[in-house]
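Take a look at the structure below.
Here the structure is a predicted model, which means the values were calculated and not measured. Letters go in sequence order (proteins before strands), and every chain restarts at 1.
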Amino acid sequence: MDETSDLTQQRIRKLESLRREGIDPYPNDFKVTHASKDLHEAYGSLSDEELKSVGETFCLAGRIMAIRNFGKASFIQVQDRKGRIQAYLQKDIIGESAFQFFKTFDIGDFIGLEGKIFRTKTHELTLQVQSFRLLVKTLRPLPEKWHGLTDVEARYRQRYLDLIVNPRVKEIFLTRIKVIQKIRDFFTQRDFIEVETPMLHPIPGGATAKPFKTRHNALDMELYMRIAPELFLKRLVIGGFERVFEINRCFRNEGVSTQHNPEFTMLEFYQSYATYEEMMKMTEELLCSMVKEIHAGLCLTYQGKELDFTPPWKRISFKESLLEYGRVDHSVLKEPSKAIELAEKLGLELKKGTSHARVLADLFKEKVEPLLLQPTYITHYPTEVSPLSRRNGKDPEVVDRFELFIAGREIANGFSELNDPIDQRERLIQQLKEREDEADLSLTLDEDFLRAIEFGMPPTAGEGIGIDRWVMLLTDAPSIREVILFPLLRMEK
RNA sequence: GAGCCGUUAGCUCAAUCGGUAGAGCAACUGACUCUUAAUCAGUAGGUUGCAGGUUCGAUUCCUGCACGGCUCACCA
């Protein structure tokens with residue numbers, strides 16, 4: 001058992017002996033003047049001679065990641081929030097008793113250092129320690145210094161360890177944070193307002209995923225964790241916030257995979273007096289700005305595949321894509337029976353109903369989606385599978401909608417919003433009818449949403465972008481769990 | 001939900017046909033004042049995920065369970 005492991009017992013004994021000697025193993029009064037990176041940036045390029053004239057004393061603190069002991073001197077690697085720096089402790093300088101005290105330190109302990117900067121014979125910028133303090137005595141040993149922590153389960157369950165010993169992991173999450181910051185800046189600059197809408201929905205809507213059910217005790221009320229913020233953001237548009245965005249969590253009670261986590265982060269934004277075509281343009285600008293910043297160019301490699309983000313991105317209609325990528329016969333687009341025939345030939349299970357549009361959507365998923373490696377907009381989906389999108393002016397059977405695919409995955413979904421309240425009501429009812437057989441009590445008509453639209457929604461376009469999947473592309477992560485700090489796992493035994 | 005694979009020391013990994021469970025790092029003792037996966041000598045560390053079964057004998061073969069990974073299914 002961990003609690004009785006020898007290594008931990010040893011350290012508890014060390015801790016007790018420190019206390020007996022009157023040393024506080026967890027002080028909080030050490031003051032830091034510099035971070036490791038500050039020193040690397042300020043002095044990394046100076047010559048050995050120039051460094052000698054730097055008289056300044058620096059106070060740093062961090063976790064000891066490596067110790068290389070000699071008889072009367074020690075090198076240590078100290079890690080702080082910005083990186084690592086080497087420090088050098090010499091018995092002659094810090095004194096006999098201090099040096100003996102240092103010998104009791106373990107890898108993983110936090111240390112506070114005060115000293116001057118110099119360069120070793122092997123040209124490494126190093127802190128010549130004049131004095132030091134124990135800041136935290138740790139009780140458990142860190143994973144191995146060379147291989148680090150590779151066990152995937154341990155990495156996810158004990159993400160703190162993963163972050164301590166695997167620098168790449170820290171980098172991924174810093175990139176994720178940068179992405180979110182960048183999105184905020186992008187929309188704020190364009191006069192959008194960031195809002196927060198409810199996570200607890202009386203009626204789940206805005207998508208057709210299965211929701212998590214929960215319950216409010218005092219109100220004696222069934223609630224659902226939101227599957228999408230869409231219907232609330234539109235209420236805000238109706239209320240006069242003509243440009244809004246939200247970056248927040250959505251919850252879907254579905255299977256877990258390398259592409260799906262039950263809770264994930266979605267960006268949604270709505271702009272009045274814009275159309276789906278302007279959304280496509282804005283999406284190119286937004287995503288390209290991030291690719292440029294993180295990859296110093298418009299190309300990146302994802303899982304061995306070269307992706308080129310140079311705009312404009314290919315746009316092709318849903319039906320055209322079935323012909324061009326799916327290589328289906330024209331008759332499949334025209335005759336439902338032919339579509340069903342093809343789907344059956346491919347071994348697709350047509351559970352969702354066998355209407356022409358649904359079958360085509362299944363064929364698309366099977367035959368087209370995996371081929372869309374380079375950024376590609378698929379436009380004009382069938383109206384039937386897009387209950388919240390505005391009908392196309394020339395062909396009411398399709399909608400002014402697009403989905404963005406990159407590396408064979410859906411990254412974004414946007415459309416000109418349906419603001420005809422009568423059509424909206426009919427299409428939501430139609431959607432409910434199709435799902436009736438699934439006997440899901442959560443599927444109810446959101447009458448307040450329909451009432452809101454009856455008060456008039458300005459012509460608006462909106463879009464949602466899955467942030468996790470986008471960060472996966474930017475960081476070359478093979479699984480969504482690599483870009484979520486604490487992915488959902490079963491309970492540990 | 002199904003299939004396949006995995007689970008051995010704190011960490012990373014070995015263990016031939018079923019025959020006493022090993023190494024590196026970390027730890028402990030000692031040597032060493034410019035190392036950087038420091039080096040050298042020595043010591044200690046295990047309910048082989050859990051529960052059964054087969055066998056003289058199981059890390060190894062079989063069954064069930066738990067947890068994880070991948071693929072598929074479900075699903076925006």
Of A/L149 and A/V256, the one whose closest RNA chain B nucleotide lies more 5':
A/L149

Using side-chain hydrogen bond (donor to acceptor under 3.5 Å, both in side chains), reason through A/Q271 and A/E463 one step at a time and then give a plain yes or no.
CA-CA 9 Å; A/Q271 181 178 353; A/E463 180 174 344; over 6 Å; no

In whole Å, what separates the C1' atom of B/A76 from that of B/G69?
24 Å

Under 4.0 angstrom, heavy atoms only, what part of the nucleic acid is A/Y156 near: base, sugar-phosphate, or nothing?
sugar-phosphate

Strictly by Watson-Crick or wobble contacts shorter than 3.5 Å, is anything paired with B/G22, and which nucleotide is it?
B/C13

Which is true for A/T258 with a 4.0 Å heavy-atom rule: it touches a base, it touches only sugar-phosphate, or it touches nothing?
sugar-phosphate

Taking the minimum atom-to-atom distance to the side chain of A/I107, which one of B/G68, B/A76, B/A26 wins?
B/A26

From the set B/A37, B/U33, B/G45, return the single nucleotide nearest to any side-chain atom of A/D6.
B/G45

C1' atom, B/C5 versus B/G19: distance in rounded Å?
28 Å

Taking the six-membered ring for Trp, does A/F75 stack with B/U35 (centroid gap under 5.5 Å, planes within less than 30°)?
yes

For the rings on A/Y377 and A/Y276, is their centre-to-centre separation under 6.0 Å?
no

Can you see whether A/Q303 engages A/D476 through a side-chain donor-acceptor pair at a distance of less than 3.5 angstrom?
yes

Give a yes/no answer on whether the side chain of A/S479 brings an N or O atom under 4.0 Å of OP1 or OP2 in B/G69.
no

Can you tell me if A/K145 touches the phosphate of B/A26, counting only side-chain N or O atoms and a distance under 4.0 Å to OP1 or OP2?
yes

May I ask you to verify whether the side chain of A/E124 and the base of B/U35 hold a donor-acceptor pair under 3.5 Å?
no

Measure CZ/A/F105 against C1'/B/C28 and give the value in whole Å, please.
18 Å

pair_partner(B/C4), Watson-Crick or wobble, both distances < 3.5 Å, evaluates to B/G69

Could you measure between the two P atoms, the one in B/U63 and the one in B/G24, and give it in whole Å?
37 Å

Could you work out which one of B/C67, B/C34, B/U35 sits closest to the side chain of A/E153?
B/C67

Nearest-Å distance for atom pair NZ/P, residues A/K72 and B/C32
5 Å

What is the distance, to the nearest angstrom, from the CD1 atom on A/I164 to the P atom on B/G10?
18 Å

Roughly how many Å apart are B/G52 and B/G68, using the P atom of each and rounding to a whole number?
24 Å

To the nearest Å, give me how far apart CD1 (A/I67) and P (B/C25) are.
15 Å

Which nucleotide in the set B/C34, B/A26, B/G68 lies at the smallest distance from any side-chain heavy atom of A/P141?
B/A26

Short side-chain N/O contact from A/T150 to OP1 or OP2 of B/U12, under 4.0 Å
yes

Syn/anti label of B/C17 as read from its glycosidic torsion, with the cut at 90° from 0
syn

Checking all strands, does A/R252 fall into the base, sugar-phosphate, or nothing category for heavy-atom contacts under 4.0 angstrom?
base

Which part of the nucleic acid does A/R481 contact within heavy-atom distance under 4.0 Å: base, sugar-phosphate only, or nothing?
sugar-phosphate

Whole-Å P distance, B/U48 and B/A21
10 Å

Think A/R157 has a side-chain N or O under 4.0 angstrom from the OP1 or OP2 of B/G68?
yes

A/F70, nearest nucleotide to its side chain (from B/C25, B/U33, B/A76)
B/U33

Of A/D151 and A/K121, the one whose nearest nucleotide on RNA chain B sits closer to the 5' end is A/D151

Distance, rounded to the nearest Å, where A/E369 contributes CD and B/C75 contributes P
14 Å

In Watson-Crick or G-U wobble terms, with both distances under 3.5 Å, the base opposite B/U55 is none

Tell me what A/G466 touches on the nucleic acid: a base, only sugar-phosphate, or nothing, going by heavy atoms under 4.0 Å.
nothing

Do A/I64 and A/F105 have side chains that get closer than 4.5 Å, going by heavy atoms?
yes

What is the pairing partner of B/U60, taking Watson-Crick or G-U wobble pairs with both distances under 3.5 Å in any strand?
none

Does A/R13 contact B/A27 through a side-chain donor or acceptor facing the base, at a distance under 3.5 Å?
no

Phosphate contact (B/A38 OP1 or OP2) by A/R68 side-chain N/O below 4.0 Å
yes

Separation of B/C50 atom P from A/M491 atom CE, nearest Å, is 20 Å

Does A/R176 make a cation-pi contact with A/F173, if we ask for NZ or CZ under 6.0 Å from the ring centre and within 45° of the axis?
no

Does a donor on one side chain sit under 3.5 Å from an acceptor on the other, for A/T138 and A/R63?
no

Of the listed B/A26, B/C75, B/U33, the closest approach to the A/K365 side chain comes from B/C75

Using a cut-off of 4.0 Å on non-hydrogen atoms, how would the nucleic acid contact of A/L142 be classed: base, sugar-phosphate, or nothing?
nothing

Rounded P spacing from B/C4 to B/G45 in Å:
40 Å

Say we look at B/A58 and B/C40: how far apart would their C1' atoms be, to the nearest angstrom?
40 Å

Are more than 12 heavy atoms from other residues, nucleotides or ligands located less than 6.0 Å from atom NZ of A/K103?
yes

Taking pairing as Watson-Crick or G-U wobble with both contacts under 3.5 Å, can you name the mate of B/U43, or confirm there isn't one?
B/A27

How long is the line joining NE2 of A/H147 and P of B/G10, in whole Å?
18 Å

Whole angstroms only, please: what is the OH-C1' distance between A/Y381 and B/A76?
12 Å

Applying a 4.0 Å non-hydrogen cut-off, can you work out what A/K14 is touching in the nucleic acid: base, sugar-phosphate, or nothing?
sugar-phosphate

Looking only at atom P, what distance separates B/U7 and B/U60, rounded to whole Å?
11 Å

Just checking A/F251: base, sugar-phosphate only, or nothing, at a heavy-atom cut-off of under 4.0 Å?
nothing

Taking NZ, NE, NH1 and NH2 as the nitrogens, is one of them in A/D80 or A/K37 under 4.0 Å from a carboxylate oxygen of the other?
no

Kindly say whether A/L450 contributes a backbone atom to a donor-acceptor pair with the side chain of A/Q424 at under 3.5 angstrom?
no

